[in-house]
J.: 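I am attaching a structure below and will ask some questions about it afterwards.
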There are 2 protein chains.
Amino acid sequence: MATRTGRVQRRAEALSRERIVEAAVELLDAAGETGLTFRVLTERLETGPGAIYWHVANKSELLAAATDAVVAAALAGESEGTPREEIHAVALGLSAAIDRHPWLAAQLLLQLSRSPGGPVTPRILEALGRPVRALGVPEEHWFTATSVLMHYVLGAAGQNAANRQVAEPAADRAEFLAGIAGRWAELDPEEYSFTRAVAGQMREHDDREQFLAGIDLVLAGVGALYPGGRA
Amino acid sequence: MATRTGRVQRRAEALSRERIVEAAVELLDAAGETGLTFRVLTERLETGPGAIYWHVANKSELLAAATDAVVAAALAGESEGTPREEIHAVALGLSAAIDRHPWLAAQLLLQLSRSPGGPVTPRILEALGRPVRALGVPEEHWFTATSVLMHYVLGAAGQNAANRQVAEPAADRAEFLAGIAGRWAELDPEEYSFTRAVAGQMREHDDREQFLAGIDLVLAGVGALYPGGRA
DNA sequence: ACCTGAACACCGTTCAAGT
DNA sequence: ACCTGAACACCGTTCAAGT
């Protein structure tokens, strides 16, 4: 929206990787993934493409850096409480970041499933894994439990954000979800009996409540498999 | 590899949406996402771009169609057994498809989190949801349980495929995983105590076993929350 | 109804040249 | 060491024109 606001940049300031990543995040926020272009970035930072390439290897590295910066900020807060509360807090924090930066979900999923060696996987693993460890899960199962949480949290948060994205106002959102539910209800009754049955819940469900219910389902599994824990 | 094999196409055959999607899948398989180009597609099908645009709205629709075609094929088999066995079978089927078509994971995650109205979501929802229903879960929790399974299965399968992709031979793969584990082991001991502890499991873990363990964790949660069921 | 293919607007990236 | 900016190779998409 406020695309032109603050266009008068601190142009005297030296170019740096930090400033470039910051500008990239702003462009992504304002216009989505297609909005980040070296031409636009070049205008915004009042330089030429060569200057940007001096600080950043290529566009994919720039996207990775933008993703990492936003995730790091989202996970920065110290949280306290029971392990379950902490996991909820991390999940809601990531979900909120995805809401604020609609391009984030796709980048996050792509990065996790394409370059698992990057810095973003350990960040999220650590944030969710600490409370999992505090739950009393035996060490050999830490990875499994945390992986399930991580994939669910990112997948579900991304989907919720996408639903919210298509139609900003709550009224349109209801209409949008009703549209999907309606299409599902028209599927072949035999081939899609489950999806049809679930279409109603799709329309009425409360995002936040559903989201946390999924987490609690995983935690219930943890509690059932490792009853010695403090879940 | 066999990029040039079978280049002599049935050129007399009429162009159709089906043939275009088929060719797109072949190009994606051979050269990844960057390998699918309207120029290359045009050569392969011996036409001009206009001809393709007559059958397909744009590239994003073409990618969606290719994704849906591959997923439909992967889920085609009728499966029988206990609900748990069925869920394992669907998950392994999707995982195998992602292995055969390395571009699939990213497309799937993008499509689920960007255009939830598409045909691919109901397909996967149905395949996983039917056995969930058979588990005896109360209807109001079908959606939650199936969502958790879906996001985990796609996320984990995508990550496994990515790990396998980087280094085809098993020996290189071990090296690759050891590389990630090694980098994790070098992270700050305080800030990343969990990730460091888990780095070892990362190196040694068996993909398939870990993958199914995650599913069983979710099913344990289902069994714990809805003890009346037949899990 | 279906296809041709030149043309358009745009993209990421490079690199010789400057300071 | 850091930046300039023209140039390169390539991309998705359009559209008047053909059959």
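First the proteins, then the strands, lettered A, B, ... as listed; each starts at 1.
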J.: Roughly how far apart, to the nearest Å, are C:dC8 and D:dC11 at atom C1'?
T.: 12 Å

J.: Output the rounded distance in Å from NZ (B:Lys59) to P (D:dC10).
T.: 15 Å

J.: Judged by each residue's nearest nucleotide on DNA chain D, which is more toward the 5′ side, A:Arg39 or A:Ile52?
T.: A:Ile52

J.: Looking at B:Trp54, does any N or O in its side chain come under 4.0 Å of the phosphate oxygens OP1/OP2 on C:dC3?
T.: no

J.: Rounding to a whole Å, what distance do you find between B:Leu41:CG and C:dT4:C1'?
T.: 16 Å

J.: Should C:dG5 form a Watson-Crick or G-U wobble pair with both distances under 3.5 Å, which nucleotide is its partner?
T.: D:dC15

J.: In terms of side-chain heavy atoms, does B:Glu126 have a donor or acceptor partner in A:Thr195 at a distance below 3.5 Å?
T.: yes

J.: So if I take every side-chain heavy atom of B:Asn58 and compare against D:dT13, D:dG12, D:dC3, which nucleotide ends up nearest?
T.: D:dT13

J.: When the distance from CZ of A:Arg17 to P of D:dA1 is rounded to whole Å, what number comes out?
T.: 18 Å

J.: Any side-chain N or O of A:Thr37 under 4.0 Å from OP1/OP2 of C:dC11?
T.: yes

J.: For A:Phe194 and B:Trp142, I'd like to know if the aromatic rings sit close, meaning centre-to-centre distance below 6.0 Å.
T.: yes

J.: Please report the shortest heavy-atom distance between A:Gly35 and A:Leu27, naming the atom on each side.
T.: O-CB, 4.2 Å

J.: Just the rounded figure in Å: distance from C1' of D:dC3 to CZ of A:Arg19.
T.: 13 Å

J.: Does B:Ser16 or A:Phe38 map to a spot on DNA chain C nearer the 5' end, using the closest nucleotide for each?
T.: B:Ser16

J.: For B:Leu15 and C:dT4, what is the distance between atoms CG and C1' respectively, to the nearest whole Å?
T.: 12 Å

J.: On a whole-Å scale, what distance lies between the P atoms belonging to C:dC2 and D:dA17?
T.: 22 Å

J.: Could you please name the option among D:dG5, C:dC3, D:dT13 that lies closest to any side-chain atom of B:Tyr53?
T.: D:dT13

J.: Round to the nearest Å and state the distance from B:Ile20 atom CD1 to C:dC2 atom P.
T.: 12 Å

J.: Ignoring backbone atoms, test whether A:His55 places a side-chain nitrogen or oxygen under 4.0 Å from the OP1 or OP2 oxygen of D:dA1.
T.: no

J.: Which part of the nucleic acid, if any, lies within contact of A:Leu36, taking any heavy atom under 4.0 Å across all strands shown: a base, the sugar-phosphate backbone alone, or nothing?
T.: sugar-phosphate

J.: Please figure out whether A:Pro49 or B:Val40 has its closest DNA chain D nucleotide nearer the 5' end.
T.: A:Pro49

J.: I'd like to know if the side chain of A:His151 and the backbone of A:Val148 have a donor-acceptor N/O pair within less than 3.5 Å.
T.: no

J.: Between A:Arg44 and A:Glu26 (salt bridge meaning N to carboxylate O under 4.0 Å), is one present in this structure?
T.: yes

